[in-house]
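This report refers to the structure that appears directly beneath it.
Just so it is clear: chains get the letters A, B, ... in the order the sequence lines come, proteins before strands, and each one is counted from 1.
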Number of protein chains: 2
Amino acid sequence: MPSIKEVAALANVSPATVSRVMNGTAKVDEEKRERVLKAIQETGFVPNEAARTLFKRSAKIIGLVIPSIENPFFTQFSGAVERTADAHGYKVVLFNTDGEIEKEKNILQMLSAMNADGIILTTSSEGVDSDIQNCTIPVVVTDRLTKKNVADAYVHCDHYRGGRLAAEHMIENGCKHIVCLRGKQDISSARERYLGCKDMCSERDIKVQVIDCDYSFEAGLKATEEMLKTYPDADGIVACNDIVAISAYKVLHQNGIKVPEQIQLIGYDNIQLSELMTPELTTIAQPIEEIGRKAVELVLQQKENDEKEYILEPKLIIRETTKNKKNGGKG
Amino acid sequence: MPSIKEVAALANVSPATVSRVMNGTAKVDEEKRERVLKAIQETGFVPNEAARTLFKRSAKIIGLVIPSIENPFFTQFSGAVERTADAHGYKVVLFNTDGEIEKEKNILQMLSAMNADGIILTTSSEGVDSDIQNCTIPVVVTDRLTKKNVADAYVHCDHYRGGRLAAEHMIENGCKHIVCLRGKQDISSARERYLGCKDMCSERDIKVQVIDCDYSFEAGLKATEEMLKTYPDADGIVACNDIVAISAYKVLHQNGIKVPEQIQLIGYDNIQLSELMTPELTTIAQPIEEIGRKAVELVLQQKENDEKEYILEPKLIIRETTKNKKNGGKG
DNA sequence: TTTACTTTTGAAACCCGTTTCAAGATTGAT
DNA sequence: ATCAATCTTGAAACGGGTTTCAAAAGTAAA
């Protein structure tokens, strides 16, 4: 509530001097400096961010745009972004789009109006490409990709490779009839994962069937039920993410199908949940923490980098829903 | 990037008129109004929030302070807060304290500097009581309570009643030897839950033992292992929250103990995960959505309400980790 | 047509921290 | 002691919407 003027008056100096003491932007006579510090203490002065932002044209804010706060993957990602941003002295403002393009456009505009210093987008339908391009603040797109090169940088995990890794593990564990519960094909990550899985299977001459699904639990439930009817002789499920894999397990369990003995199951993302559940889920890990860190770093270095795309490696995490040496093929 | 001046110049009116058109704060000649609208369109003008905030002393922001973004309960809560705030035209800025008092103090100060319009605190160690009291913006404390009446309002679920409900269900399902995996006793919610459980058990002459724990997965794992050694004849576990219950299940499963046949298990919170897991977890539901909604509403109605405390009812959700009629006592 | 009143409009003040700029003070060298 | 160079300091401008206030314009009544 008290302003810099009151502090200045109390310390018997000018507002400029108070500003200099607070920011260390210039040397101030030691005696005056102490008077200022004392006045700040006494008044409980905290500089108004809006005024500072207005002048500096920087709110020390990074906008993080995710499709849903209730999806554990994005939540973990947010944690990583927040930690890194905090270490750099930036605040994170989180926005969900709920998958709505209109919301996404509004958010971009709002962040611009808020004098945000950068935007990390994990949710970009192609409809907002032009909005991204028009953004005057740095935009880093992670996880999901837009078609054209419209953002300032991209960070993502190699989903194609992840898909191959998943399929390969299933095949090496003896699966002969794999079903892919594949995600929405207009989302690049889902498209890539499926492609990797399909390619690997055809290279090894393994049959692969597809059930369409999206990244949600409910969709996973339905897709798995459909799968049991359509492909009753399946012996391996490659799910598009962990949430879907968990729902698949639930349906298999309800139907008395043993995992991994009768059907093996692999997820994607390595969300915390995948390790908490019983049995623990075999999955493909994305280096979430690293993606978050890299995204923040890229968004903060406004200088143009030649390398605009950072691709990180996925990793196979073998746990209990697939057969493997560790547990003697039992699961 | 363009300012109101440029728009005004293009439309051949004063900045004041542009402001009036944008905000509808006064009648403007229809012809001029259209010129302004056109100029806004052409320049892509978006008013600078910092300037507006500076003058209005309101950033249209609600600060939400939680102990951890990776705890699903708080994540779901954030979702509810965000939805309600959005409906009222407010943005939400999320901060984690990671349980650190110093961070919490900084955050309160920062929100004040940001010209936030209100604060929802889910994490208040008693060390910040004075900071809350000194806050000039409305503060609503939810879920966890401070000792004294320092905030402007409180919203929470009746944890004591929830504890009773949990114990009662266990007893009615035949448990004779209950172990409570109780949370940190300096957190009011954990204290109340335990108290409710203990009281109900002693009223029904049932033995209740205690293992100390905190709200995390790792702590739950350890506590359960300890429990199996210390109280091998336990037939019911009342966990302090769902995360701990899930970790308990994991340990029981690893030890070949059947749930609910040999040991029954109940959690607390009804996080999404509790329904996703197999078997589905019996738990006490907090009306998360309602707590979030109420908290936002309270924080926005700055006028003093007589009723400063809102206590919502918990609800027993019977699923598969306790014996019950629905599944013929099998689980 | 003049007087009285209402409506529309722009100039200027305002919000408040930061920075520039030039004046004033200090230090150092000669 | 004198001049130059360096440092410290406050006044004032700045950022960009919003609002006040008084002037200008328009309307209605007399």
Side-chain angles (χ1 to χ4, degrees), chain A residues 1-37 39-40 43-61 89 109-117 136-137, chain B residues 1-37 39-40 43-61 89 109-117 136-137:
Chain A
M1 219 55 173
S3 81
I4 200 169
K5 270 185 213 156
E6 297 166 51
V7 176
L10 188 60
N12 202 31
V13 296
S14 73
T17 301
V18 177
S19 173
R20 287 191 268 253
V21 169
M22 303 226 11
N23 298 74
T25 41
K27 213 167 266 177
V28 173
D29 177 72
E30 187 55 35
E31 194 214 340
K32 280 187 183 139
R33 175 195 183 67
E34 268 164 30
R35 288 211 310 269
V36 169
L37 254 20
I40 289 173
T43 54
F45 170 63
V46 180
N48 187 319
E49 276 298 328
R52 185 180 246 154
T53 297
L54 179 56
F55 190 89
K56 297 274 205 118
R57 313 186 82 47
S58 149
K60 288 291 211 170
I61 277 177
Q109 192 169 293
M110 193 178 284
L111 280 167
S112 179
M114 285 174 79
N115 302 279
D117 299 273
T136 50
I137 14 176
Chain B
M1 218 57 173
S3 80
I4 200 170
K5 271 184 212 157
E6 296 165 51
V7 176
L10 188 62
N12 202 29
V13 295
S14 73
T17 301
V18 177
S19 173
R20 287 191 269 255
V21 169
M22 302 228 10
N23 299 74
T25 41
K27 212 166 267 176
V28 173
D29 176 74
E30 188 54 37
E31 193 215 339
K32 279 186 183 140
R33 174 195 184 67
E34 267 164 31
R35 288 213 309 270
V36 169
L37 255 20
I40 289 173
T43 55
F45 170 63
V46 180
N48 186 319
E49 275 298 328
R52 185 180 247 155
T53 297
L54 180 57
F55 190 89
K56 297 274 204 120
R57 312 188 83 46
S58 150
K60 289 291 213 171
I61 277 178
Q109 191 169 295
M110 193 178 284
L111 280 166
S112 179
M114 286 173 78
N115 302 278
D117 300 272
T136 50
I137 16 176

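- For the side-chain hydrogen bond (donor to acceptor under 3.5 Å, both in side chains) test, no residue two or more places apart in sequence or in another chain qualifies with B/Thr25.
- As a whole-Å value, the separation of B/Lys56 NZ from C/dC15 P is 15 Å.
- Using a 4.0 Å cut-off, some side-chain N or O of A/Arg57 falls inside it from OP1 or OP2 of D/dG16.
- The distance from the CD1 atom of B/Ile4 to the OG1 atom of B/Thr17 is 9.5 Å, given to the nearest 0.5 Å.
- In this structure, NZ of B/Lys27 is placed 11 Å from P of C/dT9, rounded to the nearest angstrom.
- Residue A/Lys32 places at least one side-chain N or O closer than 4.0 Å to OP1 or OP2 of D/dT9.
- Atoms CZ (A/Phe55) and C1' (D/dC14) sit 6 Å apart, rounded to a whole Å.
- Between B/Arg33 and B/Val36 the shortest side-chain heavy-atom distance does not fall below 4.5 Å.
- With rounding to the nearest 0.5 Å, the separation of CE in A/Met1 from CD in A/Glu6 is 9.5 Å.
- Residue A/Arg20 contributes atom CZ, which lies 10 Å from atom P of D/dT8 at whole-angstrom precision.
- Rounding to the nearest 0.5 Å places CG of A/Leu10 at 15.5 Å from NZ of A/Lys5.
- The side chain of A/Asn23 places no N or O atom within less than 4.0 Å of a non-bridging phosphate oxygen (OP1 or OP2) of C/dG17.
- For the OP1/OP2 pair of D/dG15 and a distance below 4.0 Å, the side-chain nitrogens and oxygens of B/Asn48 include no atom meeting the criterion.
- No donor-acceptor distance shorter than 3.5 angstrom exists from the side chain of B/Asn115 to the backbone of B/Arg57, with no hydrogens or angles considered.
- With rounding to whole Å, A/Glu49 atom CD is found 13 Å from C/dT18 atom C1'.
- Regarding contacts with the backbone of D/dT9, every side-chain N or O of A/Thr17 stays at 4.0 angstrom or more from both OP1 and OP2.
- Side-chain contact between B/Arg20 and B/Val13 is absent, with no heavy-atom pair separated by less than 4.5 Å.
- One can place CZ of B/Arg35 at 13 Å from C1' of C/dG10, the figure rounded to the nearest angstrom.
- Of the candidate nucleotides D/dA11, C/dT9, D/dT18, C/dT9 has the atom lying nearest to any side-chain atom of B/Asp29.
- For B/Glu30 and C/dT8, the CD to C1' distance is 14 Å, given to the nearest whole Å.
- Of all the residues in residues 1-15 of chain B, B/Val13, B/Ser14 reach under 4.0 Å from DNA chain C with at least one non-hydrogen atom.
- Per the geometry, CG belonging to B/Leu54 stands 14 Å off P belonging to C/dC14, to the nearest Å.
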